[in-house]
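Scope of the values below: all heavy atoms of this structure, side chains included, with no hydrogens, waters or symmetry mates.
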Amino acid sequence: MDPSSHFVFGTHPEHGFVATATVHTPIHLADWYLTREQFEQVPGTPGLYRLTTPEADGIRRTRQAVHDLRARGFAVYADYSLDPANDSNQSTTPHRAASPRSRIVRAAAARPPQLGPAPVTSPPRSPERAATAPAVSRPARSR
């Protein structure tokens, strides 16, 4: 383990997937990040957090938490099986597996394929160009 780590992730025989913050991370900051990564404090053990509902894809969710904290600039130590950096299969790394919410956001921001590519618009005419544009002649009205 790197002595400058901010978070440590591992497994526990009783609590499943666990995480703790090191002395390099303030307690309130560690609590804020870990609870948002779906970890909860273990009662009676201050500083120790366990993954909520570990039976619901616990390994992937723990690996995603490791990835997310590293992406935010934290130094994170994780057991070999929980470290996304040790994954030889790049197609299953957490940063490539989009969460349902991020897929919805990307879909909402994208142009629907039914509409085809975005139309190309011409730039607005400058006042100088408008003054030199030929006048549109209209047919004379007969009386």
Please output the side-chain donor-acceptor pairs of residues 8-21 that fall under 3.5 Å, not counting sequence neighbours, one pair per line with the distance.
| residue | atom | partner | partner atom | Å |
| --- | --- | --- | --- | --- |
| His12 | ND1 | Glu14 | N | 3.0 |
| His12 | ND1 | His15 | N | 3.2 |
| Thr20 | OG1 | Gly47 | O | 2.8 |

Is there side-chain contact between Leu69 and Tyr33, with at least one heavy-atom pair below 4.5 Å? yes

Please assess Arg70 against Asp83 for the test salt bridge (charged side-chain N to carboxylate O under 4.0 Å, His left out), listing each intermediate value before the final yes or no. CA-CA 11 Å; Arg70 285 181 179 159; Asp83 195 339; 2.6 Å; yes

Is the backbone N or O of Trp32 less than 3.5 Å from a side-chain atom of Arg36, with the two atoms forming a donor-acceptor pair by type? yes

Could you tell me the separation between the NE2 atom of His24 and the CZ atom of Phe7, rounded to the nearest 0.5 Å? 12.0 Å

Name all residues meeting the side chain to side chain contact (heavy atoms under 4.5 Å, CB included) criterion together with Gln38; count only those two or more places apart in sequence or in a different chain, and write none if there are none. Leu51, Thr52, Arg61

Under 3.5 Å: donor-acceptor pair, side chain of Thr25, backbone of His6: yes

Transitive ILVMFWY cluster of Ile27, excluding itself - 4.5 Å side-chain cut-off: none

With a 4.5 Å heavy-atom cut-off, do Pro43 and Arg50 have their side chains touching? yes

Rounded to the nearest 0.5 Å, what separation is found between the CD1 atom of Ile59 and the CD atom of Gln64? 14.0 Å

Any side-chain heavy atom of Gln41 sitting closer than 4.5 Å to one from Leu48? no

In Å and rounded to the nearest 0.5 Å, what is the NE2 to OG1 distance from His67 to Thr62? 14.5 Å

Close side-chain approach of Val66 and Phe74, heavy atoms under 4.5 Å: no

